[in-house]
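Reviewing the structure listed below.
Whatever order the structure lists ligands and atoms in, that order sets their numbers, starting from 1. Side chains included, hydrogens not; waters and symmetry mates left out as well; all remaining heavy atoms used.
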Amino acid sequence: MLQPPHSSLQVAVVPAQRVPVRDRDQDAPWHTEAVCRRDEAGLFFAPSKEPTAARLSREEAAKRVCARCPVMVECREHALLQPEPYGVWGGLTAAERRVVLARRRRRDMELKKAARTTDRIAQAG
Ligand code: SF4
């Protein structure tokens, strides 16, 4: 399993310049460019017994970091495909990722249903 980019919580969040996709090393794993690799503030995962207001504030701060991360799309897809059950990944909280996954499942079911209908019509005609 891929090591979470923000699993190391020992060092400060370092602002990064947005790197255009074409300038990136395509062979390097996406998480090597993760802005959150140095997350001293511990923004991305909840400490135990975190009050709701503190959680919301921490998550918003994490999302601001994600918003300037050059690998946000790759990170988000990774977290959705795993799926990663905890933490902020690709600018989405765990709850937000569950919503995205539910929407994708619904869309996939509708597409399969439409394909079956199309097949039945083609066979009948
Ligand atoms: S998008 Fe956010 S969680 Fe993902 S690698 Fe970048 S800073 Fe980390």
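A donor-acceptor contact shorter than 3.5 Å is absent between the side chain of R55 and the backbone of A46. Judged purely by atom type and a 3.5 angstrom limit, T118 uses its side chain to pair as donor or acceptor with the backbone of A114. At least one donor-acceptor pair under 3.5 Å links the side chain of R58 to the backbone N or O of L43.
Note: F45 and W89 have perpendicular aromatic rings, judged against thresholds of 30 and 60 degrees for the angle between ring planes.
Within the 2.8 Å limit, C66 places no N, O or S atom next to atom 8 (Fe) of ligand 1. The distance from atom 6 (Fe) of ligand 1 to the nearest N/O/S atom of C69 is under 2.8 Å.
Remark: minimum distance from atom 8 (Fe) of ligand 1 to any protein heavy atom is reached at C36 SG, 2.2 Å. Scanning all protein heavy atoms for the shortest distance to atom 4 (Fe) of ligand 1 gives C75 SG, 2.3 Å. At the shortest separation from atom 3 (S) of ligand 1 among protein heavy atoms lies H6 CD2, 3.2 Å.
Near A34, the atoms of ligand 1 lying under 4.0 angstrom from a non-hydrogen atom of the residue are 5 (S). Listed by number with element, the atoms of ligand 1 under 4.0 Å from a non-hydrogen atom of V88 are 3 (S).
Salt bridge K63/E96: present, at least one basic N to carboxylate O contact under 4.0 Å. A salt bridge between E84 and R98 is absent, with no side-chain N of the basic residue lying under 4.0 Å from a carboxylate O of the acidic one.
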